[in-house]
Amino acid sequence: MTDTATVTAADQLATYHGRRELAVVQPKGSLALVNTQWIDSEQTIWGVPGKWAPLAKGESGLKLTAAASENIVVDGVLVDGEAVVRGKDAETPSEIVFSDTITGFVIASEEGTYALRVWDGNSEGIQEFGSIDAFDYNPDWVITGTFTEIEGGTTVGFEHLKDDGKTRDMAVPGEITFSKDGVDYDLAAFKSGRALQLVFSDSTSGDSTYSVGRFLFVAPNQDGTITLDFNRAVLPPCAFSYAFNCPMPPKQNRFAVPIEAGEKQVLKKDGSLLHE
């Protein structure tokens, strides 16, 4: 007899997967990011015109110097001379348009420095993209755990791929615990908007799945339980573009067992890996 619940869950996962593949090829999807360049002095930026420089300390964004002939539009205005390009930490961040397919956005670090991100809606990654390879639906990796809020919260140091071993303290509002196959787990997930973001790796990482690890976004239930559906595990943005700098799994989020659920790798049209 067909398991109706499993079929329904598998169908829902297929819909979710299709939306994921559509999202990454959007003009500001993960495959469109072609450059992230941090600005500590006046400089040019690969792939786009103009000269870019930091503003005075405490001011949000970057200073752009460009001629009208370079056709850079910031917040709907053609730049001819100097313009302030507000960062993501401003109340109203600036929008930058370089051409019909290329746009920009200024991001901010915790230290108050700024970088320009360049998006190309016709990037090489988008042109080469074939699919996101994923495991079939696996009900064994739909886990009910317990979320225990930590009064006042705490922080956990997360290393990022390009930070040369340095860690960044991320706010962790509580503990996620569960048991599976006789093993107890105590995971750290940091806040990501209204959800919690779990950064994890397992024994498939670097083998059948992306080497850096994967993400799972979860939310606690009102009764203190939390559902971890690893079938919804997604590849981090750095699996799609080297211009991203992704957090790496902390020690407690590194599973010794294979989690054969969720996304595996980004594939080109010919079936080969987009990134190792």
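The shown structure was predicted, so the numbers you read here are calculated from the model rather than taken from an experiment.
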- Note on the structure: Residue pairs passing the side-chain hydrogen bond (donor to acceptor under 3.5 Å, both in side chains) test with at least one member in residues 118-136, sequence neighbours excluded, are Thr101-Asp120
- Query: Is it true that a side-chain atom of Tyr137 and a backbone atom of Asp11 form a donor plus acceptor pair closer than 3.5 Å?
  - Reply: no
- Message: Could you see if Val266 belongs to whatever hydrophobic cluster contains Phe135? Use Ile, Leu, Val, Met, Phe, Trp, Tyr and a side-chain cutoff under 4.5 Å.
- Response: no
- More than 12 non-hydrogen atoms from neighbouring residues, nucleotides or ligands closer than 6.0 Å to CG on Asp270, yes or no? yes
- Task: Start with the C-alpha distance between Ser201 and Arg254, add both sets of side-chain angles, then the distance that settles side-chain hydrogen bond (donor to acceptor under 3.5 Å, both in side chains), and finish with yes or no.
- Result: CA-CA 5 Å; Ser201 62; Arg254 299 173 188 175; 4.9 Å; no
- Message: Tell me whether Val234 shares a hydrophobic cluster with Phe244, the cluster being built from Ile, Leu, Val, Met, Phe, Trp, Tyr side chains joined at under 4.5 Å.
- Response: no
- What one should report as the nearest heavy-atom pair of Val84 and Val74 is O-CG1, 4.3 Å
- Item | Presence of salt bridge, Glu95 and Lys28, under 4.0 angstrom | yes
- Query: If you draw the axis of the six-membered ring of Tyr16, does the NZ or CZ of Arg232 fall within 45° of it and under 6.0 Å from the ring centre?
  - Reply: yes
- Transitively linked via ILVMFWY side-chain contacts under 4.5 Å: Ile45 with Leu33? no
- Message: To check you understand the geometry: which heavy-atom pair defines the closest contact between Asn253 and Val199, and what is its length?
- Response: ND2-O, 3.0 Å
- What is the distance from atom CG of Leu64 to atom CD1 of Ile72, rounded to the nearest 0.5 Å? 5.0 Å
- Measure the shortest side-chain to side-chain distance between Leu187 and Gln252 over non-hydrogen atoms and say whether it is less than 4.5 angstrom. no
- Between Ser109 (side chain) and Thr113 (backbone), is there a donor-acceptor pair under 3.5 Å? yes
- For the residue pair Phe255 and Tyr185, categorise the inter-ring angle as parallel (less than 30°), tilted (30 to 60°) or perpendicular (more than 60°). tilted
- Message: For a 4.5 angstrom cut-off between non-hydrogen side-chain atoms, does Phe190 reach Pro173?
- Response: no
- Query: Between the side chain of Ser99 and the main-chain N/O of Ile102, is any donor-acceptor distance below 3.5 Å?
  - Reply: yes
- Query: Which heavy atom of Cys238 sits nearest a heavy atom of Tyr210, and at what distance?
  - Reply: O-OH, 3.2 Å
- Query: Is Phe98 reachable from Leu78 through a run of hydrophobic residues whose side-chain heavy atoms are each under 4.5 Å from the next?
  - Reply: no
- Message: Which heavy atom of Asn231 sits nearest to which heavy atom of Ala261, and what is that distance?
- Response: OD1-CB, 3.7 Å
- Message: Are the side chains of Leu196 and Pro220 in contact, using a 4.5 Å heavy-atom criterion?
- Response: yes
- Message: Under a 3.5 Å distance rule, please check whether Ser94 uses its side chain to pair with a backbone N or O of Asp75 as donor and acceptor.
- Response: no
- Query: How close do Asp80 and Ala68 get, heavy atom to heavy atom, and via which atoms?
  - Reply: OD1-N, 3.4 Å
- If you measure from CG on Leu273 to NZ on Lys264, what distance do you get to the nearest 0.5 Å? 10.5 Å
- Task: Report the residues that fulfil salt bridge (Lys or Arg N to Asp or Glu O under 4.0 Å) with Arg20, sequence neighbours left out, ordered by chain and then residue number.
- Result: Glu263
- Message: Please check this pair: side chain of Arg86 against backbone of Thr92, looking for a donor-acceptor N/O pair closer than 3.5 Å.
- Response: yes
- Shortest non-hydrogen pair, Ala108 vs Tyr114, comes out as CB-CE2, 3.5 Å
- Query: Any link between Val218 and Ile143 through a network of hydrophobic side chains (Ile, Leu, Val, Met, Phe, Trp, Tyr) touching at under 4.5 Å?
  - Reply: yes
- Message: Please tell me whether Phe200 and Phe230 form a close aromatic pair, meaning their ring centres lie under 6.0 Å apart.
- Response: yes
- Task: Measure from the side-chain N and O atoms of Asp202 to the backbone N and O of Ala256, and report whether any donor-acceptor pair falls under 3.5 Å.
- Result: no
- Query: Do Glu82 side-chain atoms and Ala66 backbone N/O form a donor-acceptor pair below 3.5 Å?
  - Reply: no
- Message: Any non-hydrogen side-chain atom of Ser192 less than 4.5 Å from a side-chain atom of Phe217?
- Response: yes
- Query: Mind checking whether Thr227 and Asn221 have side chains closer than 4.5 Å, heavy atoms only?
  - Reply: yes
- Message: Between Ser203 and Pro258, is there a side-chain heavy-atom distance shorter than 4.5 Å?
- Response: yes
- With rounding to the nearest 0.5 Å, note down the distance linking CG in Asn35 to CG in Leu116. 7.5 Å
- Task: Would you confirm whether Gln43, through its side chain, and Ile39, through its main-chain N or O, come within 3.5 Å as a donor-acceptor pair?
- Result: no
- Do Val172 and Thr155 pass the side-chain contact (heavy atoms from CB on, under 4.5 Å) test, and can you show the C-alpha distance, the side-chain angles, and the key distance before you say yes or no? CA-CA 5 Å; Val172 174; Thr155 59; over 6 Å; no
- Task: Look up atom CG in Asn245 and atom CH2 in Trp38, then write down how far apart they are to the nearest 0.5 Å.
- Result: 8.5 Å
- Note on the structure: Here the gap from His17 atom NE2 to Leu22 atom CG, rounded to the nearest 0.5 Å, amounts to 12.0 Å
- Side chains of Ile96 and Val85: closer than 4.5 Å at any heavy-atom pair? yes
- Task: Verify whether one side chain among Thr177 and Asp186 offers a donor that lies under 3.5 Å from an acceptor in the other.
- Result: no
- Pairs touching residues 45-74 that satisfy side-chain hydrogen bond (donor to acceptor under 3.5 Å, both in side chains), sequence neighbours left out: Ser60-Asp89
- Item | His160 side chain to Cys246 backbone, donor-acceptor under 3.5 Å | no
- Query: Going through the distances and angles, do Leu228 and Leu216 end up as a side-chain contact (heavy atoms from CB on, under 4.5 Å)?
  - Reply: CA-CA 8 Å; Leu228 306 170; Leu216 182 63; 4.2 Å; yes
- Note on the structure: Between the CG atom in Leu235 and the CD1 atom in Ile132, the distance rounded to the nearest 0.5 Å is 6.5 Å
- Item | Charged tip of Lys269 within 45° of Phe129 ring normal and under 6.0 Å | no
- Report yes if some heavy atom in the side chain of Arg214 is under 4.5 Å from a heavy atom in the side chain of Ile259; otherwise report no. yes
